[in-house]
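What follows is a single structure, written as structure tokens, with notes after it.
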Amino acid sequence: MIHALPRRHFVAASAALALPGCATTTARTPASCLMPVKAAPDRVIRTMAGLRPYRASGFVVRAEALGTKRLVHNYGHGGSGITLSWGTSKLAADMGLAGHSGPVAVIGAGVVGLSTARLVQEAGFPVTVYAKALPPDTTSNIAGGQFHPFGLFKPDAVTPEWRRQFTAALDYSWRRFQIMVGDDYGVRWLTTYSEGTPEEPKLPTFPPAAHALRPGEHPFPVENLWQYDTLYVETGRYLRQMMRDIESAGGRIAVKSFAAPAEIAALPETLVFNCTGLGARDLFGDQELMPIRGQLAILIPQPEVRYAFTGDAGYMFPRADGIVIGGSYERNEWVAEPQPERIARIVAAHQRLFAGFRCPA
Ligand SMILES: Cc1cc2nc3c(=O)[nH]c(=O)nc-3n(C[C@H](O)[C@H](O)[C@H](O)COP(=O)(O)OP(=O)(O)OC[C@H]3O[C@@H](n4cnc5c(N)ncnc54)[C@H](O)[C@@H]3O)c2cc1C
């Protein structure tokens with residue numbers, strides 16, 4: 001994790017370490033001296049596109065009857081499925097497990113299904129995860145992995161009850177991810193520099209250490225900038241570990257596609273969690289669900305880059321498996337394939353951003 005330090009502290013610290021200019025990469029590197037990302041077309045190592053499962057009225061966590069079974073929905077997380085995964089799954093698990101006995105089915109092996117399955121196991125129930133596709137072939141694997149609730153609802157379309165669910169889910173997730181920091185899950189803290197002015201707190205503890213920066217305090221070529229600390233998830237590593245956790249606790253993961261609720265009704269389990277993401281649109285006829293496509297370019301890893309950025313140029317999250325750059329939000333685009341022209345724009349925008357880096361002397 002890196003922190004901004006008062007300027008006089010920075011001069012003393014860098015003199016003591018005898019490291020020149022921007023070359024420092026210590027945990028206490030101040031914002032005024034950050035390592036730039038080497039964004040360039042020839043540093044792109046792969047590209048990806050995914051469809052965020054968006055609903056204007058927010059995610060769905062709700063129980064209903066399906067024949068003789070209890071069905072609990074947990075889908076529609078838009079651009080915040082990693083962020084809210086533990087939280088909405090906790091709400092769903094509490095809703096479904098009350099009064100239940102016997103094995104449980106979870107449909108979907110993205111971050112939401114896997115989190116739900118773990119919570120079901122932690123509550124003492126046997127679980128089977130059924131999914132059409134497993135990691136690494138889920139939307140969750142494409143996510144950049146920033147913990148920040150963003151792009152998941154339209155403010156005038158949600159109810160006060162939904163807002164209560166949202167706050168409870170965010171709070172549980174925030175605390176749960178904090179106790180998963182480490183290389184096994186690929187979760188770590190990073191200071192994040194965000195263009196604009198500090199946003200309203202979403203929780204008393206989120207976003208922590210948020211404050212505006214003055215122009216001389218940072219190297220970014222932007223007019224307004226603020227910073228805060230948050231968690232980042234290396235999604236590939238995280239989902240792999242979550243699958244291992246489920247299996248080592250005795251859970252089963254099976255590849256199975258469902259074309260209609262009647263096929264779910266035929267499962268042996270009497271409690272079923274629907275964690276199918278965008279798949280819920282066809283499976284349960286939720287026409288409010290729509291894709292918001294996001295495209296990413298992954299650059300050669302730069303372990304010395306230990307901060308994240310979000311702003312007009314897009315976003316940059318440094319991970320062990322590459323520097324993730326993105327920033328496209330394409331409504332109602334159903335083709336989950338990177339578009340070369342859009343990828344080129346993402347790379348060029350980051351190239352301009354980092355070429356404009358100026359480390360104050
Ligand atoms: C480019 C991009 C960047 C993102 N960045 C972030 C970020 O930084 N932070 C963040 O919090 N979120 C981010 N997101 C959003 C996040 O990826 C999603 O909200 C999240 O992945 C949704 O998880 P899920 O488990 O609901 O869906 P999925 O990961 O899509 O999983 C759904 C599962 O259900 C299965 N399924 C679907 N239909 C059926 C069926 N009929 N029968 C059987 N199985 C079925 C699928 O095979 C899959 O296993 C990003 C998304 C994109 C595209």
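Both ligands and their constituent atoms are indexed starting at 1 by order of listing. Not measured: the values here are computed from a predicted model. Values below: every heavy atom of this structure, side chains too, minus hydrogens, waters and symmetry copies.
Between Ala109 and ligand 1, at least one N/O pair is under 3.5 Å apart. Considering backbone and side-chain N/O atoms, Ala131 never comes within less than 3.5 Å of an N/O atom of ligand 1. Distances between N or O atoms of Gln146 and those of ligand 1 include at least one value under 3.5 Å. Geometrically, ligand 1 and Gly145 share a nitrogen or oxygen pair separated by less than 3.5 Å. Considering backbone and side-chain N/O atoms, Leu51 never comes within less than 3.5 Å of an N/O atom of ligand 1.
Ranking protein heavy atoms by distance to atom 39 (C) of ligand 1, first place goes to Thr276 CG2, 3.8 Å. Nearest protein heavy-atom contact of atom 4 (C) of ligand 1 is Ala143 CA, 3.4 Å. The single protein non-hydrogen atom nearest to atom 5 (N) of ligand 1 is Gly144 N, 3.1 Å, given as residue, atom name and distance. The shortest contact between atom 13 (C) of ligand 1 and any protein heavy atom is with Gly79 O, 3.3 Å. In terms of protein heavy-atom proximity, atom 35 (C) of ligand 1 is closest to Gly108 CA, 3.8 Å. Summary of contacts: the protein heavy atom closest to atom 19 (O) of ligand 1 is Gly78 O, 2.7 Å. Ranking protein heavy atoms by distance to atom 23 (O) of ligand 1, first place goes to Ser140 OG, 3.2 Å.
A salt bridge links Arg214 with Glu217: the distance from a Lys NZ or Arg NE/NH1/NH2 to an Asp or Glu carboxylate oxygen falls below 4.0 Å. Of the charged side-chain nitrogens involved, none lies within less than 4.0 Å of a carboxylate oxygen, so that Arg319 and Glu234 do not count as a salt-bridged pair.
A heavy-atom separation below 4.0 Å is found between Tyr315 and ligand 1. Residue contact annotation: Val111 has a non-hydrogen atom under 4.0 Å from ligand 1.
Taking every heavy atom of both residues into account, Gly81 and Val111 meet most closely at O-CG1, 3.4 Å. Heavy-atom minimum distance, Tyr307 versus Val37: OH-N, 4.1 Å.
Closest heavy-atom approach to atom 26 (O) of ligand 1 within the set Val106, Val112, Asn141, Leu296: this belongs to Val112.
Ser80 places a side-chain N or O within 3.5 Å of a backbone atom of Phe150 that can act as its donor or acceptor partner.
For ligand 1, the atoms closer than 4.0 angstrom to any heavy atom of Lys256 are 43 (C).
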